[in-house]
Amino acid sequence: MLFMVRMDVHLPPEMPPNLAQEIKAREKAYSQSLQREGRWPHIWRVVGEYSNYSVFDVAGNDELHDLLSALPLFPYMDIHVTPLAHHPSDIN
Ligand SMILES: O=C(O)CC1=CCC(=O)O1
């Protein structure tokens with residue numbers, strides 16, 4: 001199943017910069033491992049915002065929830081999930 005996910009990151013201003021960098025480095029490594037596995041095929045920056053739109057290709061809701069809740073930035077993000085279905089006009 002495909003899901004479009006918007007993630008808005010809100011790191012607390014009082015977080016020490018070295019801790020923020022460490023969390024971001026773990027987030028990047030985790031994200032890139034899922035991308036290599038094909039479970040996170042798209043990630044796009046929202047212009048001008050500390051946000052992304054991503055597409056996940058997973059078995060279902062439970063797998064997506066497990067994957068998202070394991071993100072190192074999960075405690076600092078608002079996440080909105082949109083399940084995607086095939087469009088009848090899609091030629092692919
Ligand atoms: O920077 C972001 O949008 C948050 C994020 C998700 C995966 C990643 O590497 O960074």
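Start at 1 and go down the list; that is how both ligands and their atoms are numbered. All residue numbers refer to positions in the sequence shown, counting from 1.
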Could you say whether the N/O atoms of R45 and ligand 1 ever approach to under 3.5 Å?
yes
For the backbone of H42 and the side chain of W40, can you confirm whether one donor and one acceptor N or O come within less than 3.5 Å of each other?
yes
Under 4.0 Å from one or more heavy atoms of K28, ligand 1 contributes atoms 9 (O)
Is ligand 1 under 4.0 Å from a heavy atom in the side chain of Y50, in the backbone, in both, or in neither?
side chain
Location of contacts on W40 toward ligand 1, heavy atoms closer than 4.0 Å
side chain
Is there a donor-acceptor pair closer than 3.5 Å between any side-chain N or O of Y30 and the backbone N or O of L67?
yes
If you count heavy atoms of other groups shown closer than 6.0 angstrom to NE2 of H10, is the number above 12?
yes
M7 and S54: which non-hydrogen atoms are nearest, and at how many Å?
CE-OG, 4.0 Å
Counting both backbone and side chain atoms, is some N or O of N52 under 3.5 Å from an N or O of ligand 1?
yes
Around atom NZ of K24, are there more than 12 heavy atoms from other residues, nucleotides or ligands closer than 6.0 Å?
yes
Do Q35 and S31 meet the criterion of a side-chain donor-acceptor pair at a distance under 3.5 Å?
yes
How far is atom 8 (C) of ligand 1 from the closest protein heavy atom, and which atom is that?
E27 CG, 3.4 Å
I43, portion touching ligand 1 at heavy-atom distance under 4.0 Å:
side chain
